[in-house]
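Written out below as C-alpha cells is the structure these notes cover.
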Amino acid sequence: MVFLRRTMLLRYLQLSAMLALLLFISSFWLSQGAVRDCGSAWQPCFYPITPEPPLLPGEWAEPDQASPLIQECPGQPFQAWRLLLYLKSSLADADDILLEPYLQSWDQLLIFMESLGTVVSFFSQKVKEKVVLIRELSLRHSTEAHGKRGPPYHSGLQTPESFGLKNGVYRSVRSMTEAELKAGVVDFSRRTDSGCRTLLRLHRSLLWLKLMLEGLAEGSDADGRYKTPGELSRDAYKVALAPHHPWVLRQAAEFVFLALPDRQYFLQLVCVQSQREATPILNIIIHGLALVHTQTQRILAEHDMLELP
C-alpha cells in the first residue's frame, strides 16, 4: 500500500512538473505580442448573441441523415448551435472565409476547451492570444486607415464593427492574405506577428479539435471498448500539432491528455447522455469544422503559407 501511494504521488509530481515546464516554455513559444485585459479598446469581452437556436440546413448533416434540432443546452456556457451558426456564417462568401464569424467560432470553441478544466489552459490560452491578435491587427489597420480610434467602450461589450472586421482588409482570409503580402508583413523565413501566420496556428488547432471530435463520434472497438478522450486528444495532437512543436512540448502534452475528463463529460457538453444520441450531433459539428478547415487550407495553400515559421 505504501509503495502504491508513493507511485501515485510520484506520478502526480511528474505531471505537475511537466505542466509547470510547459507553462514556462509557453512564454517563449510562438510569441504573439502582449495580450491586454478584457474590456480594453483592443480586446473584446464577448459579443451579444441575439439569434435563436436554428434548425440546421440539410447540407450540414451527414449524408442520408436528417438534421436534428440542436437546442439550447440549459446551465452550461458552451452551446453547439452557436458554434454552428458562426461556422456557417464564416462560409457566406463563396471561395472565402469571413474572419468575423470565424473568430466568433473560436470564441465558442474556447468555451468548449475551457469547460474541460484547467488542465487544457495552456492550449486554450495560446488560442485566445491568437484570436486577440487578429482582432488587434484589424483594429490597428482600421485606425491607421481612418485616422481615428474605434468606437468607445461601453457596458462591458465590444461590437464586431469596432475591430474593422466588417469591411476592412481583415474582412476575410483572402483579403487579409493579399493585404499582408502587399504590405510585406508576411515573412517566409522568420517569425512575425502577421495575421496570416497567426491564422495558420489557429488552422492547425482547428484540425486538432476536429480529429478529436471525430474520435468521440466513433463507435467502440471489437471488444466493445471506447477510446478515452485523453487517447483521442493525444492521437489528434500527434497528427495536427506535434509535427510543429519542439520535443519538450510534445512530451508535456502527453501528461496533459492523461488528465482530461471522461467520455461522459464530453457528451454532456453537447447536451446528450449517451453515445447513440451524441454521434449525429457530433457529426454535424465535425462537418461544419471540416468545411471551414478545407476552405482555409485551400486559401493558405494558394499563397504557399502552410509552413510559415
Side-chain angles (χ1 to χ4, degrees), residues 53-73 76-91 102 105-117 119-120 123-124 127 202-242 253 256-297:
L55 179 63
L56 297 170
E59 63 267 21
W60 285 77
E62 288 293 298
D64 302 322
Q65 291 183 359
S67 295
L69 178 63
I70 299 183
Q71 301 175 344
E72 181 84 12
C73 191
Q76 67 177 40
F78 175 72
Q79 300 292 335
W81 70 267
R82 289 179 183 167
L83 170 61
L84 290 162
L85 183 68
Y86 291 134
L87 289 173
K88 185 173 184 292
S89 297
S90 71
L91 293 162
Y102 177 84
S105 299
W106 269 113
D107 290 338
Q108 295 302 310
L109 289 170
L110 279 165
I111 294 174
F112 175 83
M113 294 171 69
E114 291 169 352
S115 298
L116 304 179
V119 71
V120 296
F123 292 103
S124 62
V127 168
L202 290 175
H203 178 64
R204 292 169 179 169
S205 296
L206 192 72
L207 178 60
W208 170 55
L209 286 168
K210 183 181 83 71
L211 293 175
M212 182 186 69
L213 293 177
E214 285 177 352
L216 283 173
E218 291 177 356
S220 59
D221 60 20
D223 298 324
R225 177 185 177 275
Y226 289 94
K227 282 190 173 182
T228 67
E231 292 172 325
L232 296 172
S233 298
R234 180 195 61 201
D235 294 344
Y237 174 81
K238 288 179 178 179
V239 174
L241 294 173
V256 170
F257 298 136
L258 288 175
L260 284 178
D262 60 21
R263 178 179 285 259
Q264 188 61 36
Y265 184 87
F266 277 78
L267 299 187
Q268 290 173 357
L269 288 178
V270 292
C271 219
V272 299
Q273 297 298 321
S274 69
Q275 184 67 38
R276 182 178 179 180
E277 294 176 308
T279 296
I281 293 177
L282 288 173
N283 282 337
I284 293 175
I285 297 174
I286 292 163
H287 186 59
L289 294 173
L291 290 175
V292 172
H293 185 272
T294 299
Q295 186 69 281
T296 307
Q297 177 91 0

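Being a predicted model, the structure only gives us computed values, none of them experimental.
- A donor-acceptor contact shorter than 3.5 Å is absent between the side chain of Asp223 and the backbone of Arg225.
- We find the CD-SG distance between Gln79 and Cys271 to be 7.0 Å, quoted to the nearest 0.5 Å.
- The backbone N or O of Lys227 lies less than 3.5 Å from a partner atom in the side chain of Arg263, making a donor-acceptor pair.
- Nearest heavy-atom pair across Ala217 and Asn283 is CB-OD1, 3.7 Å.
- Here the side chain of Tyr265 pairs a donor or acceptor atom with the backbone of Ser115 at under 3.5 angstrom.
- Here the closest non-hydrogen pair linking Glu218 and Tyr226 is O-CE2, 3.8 Å.
- In this structure, Gln275 contributes its side chain and Gly219 its backbone to no donor-acceptor pair below 3.5 Å.
- The aromatic rings of Trp208 and Phe257 sit tilted relative to each other, their planes meeting at an angle between 30° and 60°.
- Using modelled atom types, no side-chain atom of Gln264 and backbone atom of Pro261 make a donor-acceptor pair closer than 3.5 Å.
- Between atom CD1 of residue Ile281 and atom CG of residue Leu213 there is a gap of 12.5 Å, rounded to the nearest 0.5 Å.
- Taking CG of Leu282 as the start and CD of Glu214 as the end, the distance is 10.5 Å to the nearest 0.5 Å.
- Here the CG-OH distance, from Leu207 to Tyr237, works out to 13.0 Å after rounding to the nearest 0.5 Å.
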Please step through side-chain contact (heavy atoms from CB on, under 4.5 Å) for the pair Ile285 and Leu84, ending with a clear verdict. CA-CA 7 Å; Ile285 297 174; Leu84 290 162; 4.3 Å; yes

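- Atoms NZ and CG, on Lys210 and Leu109 in that order, are 13.0 Å from each other to the nearest 0.5 Å.
- The backbone N or O of Leu291 lies less than 3.5 Å from no partner atom in the side chain of Thr294, so there is not a single donor-acceptor pair.
- Between the CD1 atom in Ile111 and the CG atom in Leu83 there is a gap of 10.0 Å [rounded to 0.5 Å].
- No donor-acceptor distance shorter than 3.5 angstrom exists from the side chain of Gln108 to the backbone of Ala80, with no hydrogens or angles considered.
- Of the possible polar contacts, one joining the Gln76 side chain to the Phe78 backbone as a donor-acceptor pair under 3.5 Å is found.
- A pairwise comparison of heavy atoms in Val292 and Thr296 identifies O-OG1, 2.8 Å as the closest pair.
- Only one option out of Leu211, Leu206, Ile284 pairs with Leu289 in a side chain to side chain contact (heavy atoms under 4.5 Å, CB included); it is Leu206.
- In this structure, Phe266 and Phe112 have perpendicular ring planes: the angle between them is above 60°, well past the 30° mark.
- Nearest heavy atom pair, residue Leu260 against residue Gly230, reads CD1-CA, 3.9 Å.
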Verdict with supporting geometry, Val256 and Phe123, side-chain contact (heavy atoms from CB on, under 4.5 Å): CA-CA 10 Å; Val256 170; Phe123 292 103; 4.0 Å; yes

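- Judged purely by atom type and a 3.5 angstrom limit, Ser105 uses its side chain to pair as donor or acceptor with the backbone of Leu87.
- Annotation for Arg82 and Pro77: closest pair NH1-O, 4.4 Å, computed over non-hydrogen atoms.
- Looking at Leu241 and Ser205, their side chains come closer than 4.5 Å, going by heavy atoms from C-beta outward.
- Residues Trp106 and Leu209 have side chains in contact (heavy-atom distance under 4.5 Å, counting atoms from C-beta outward).
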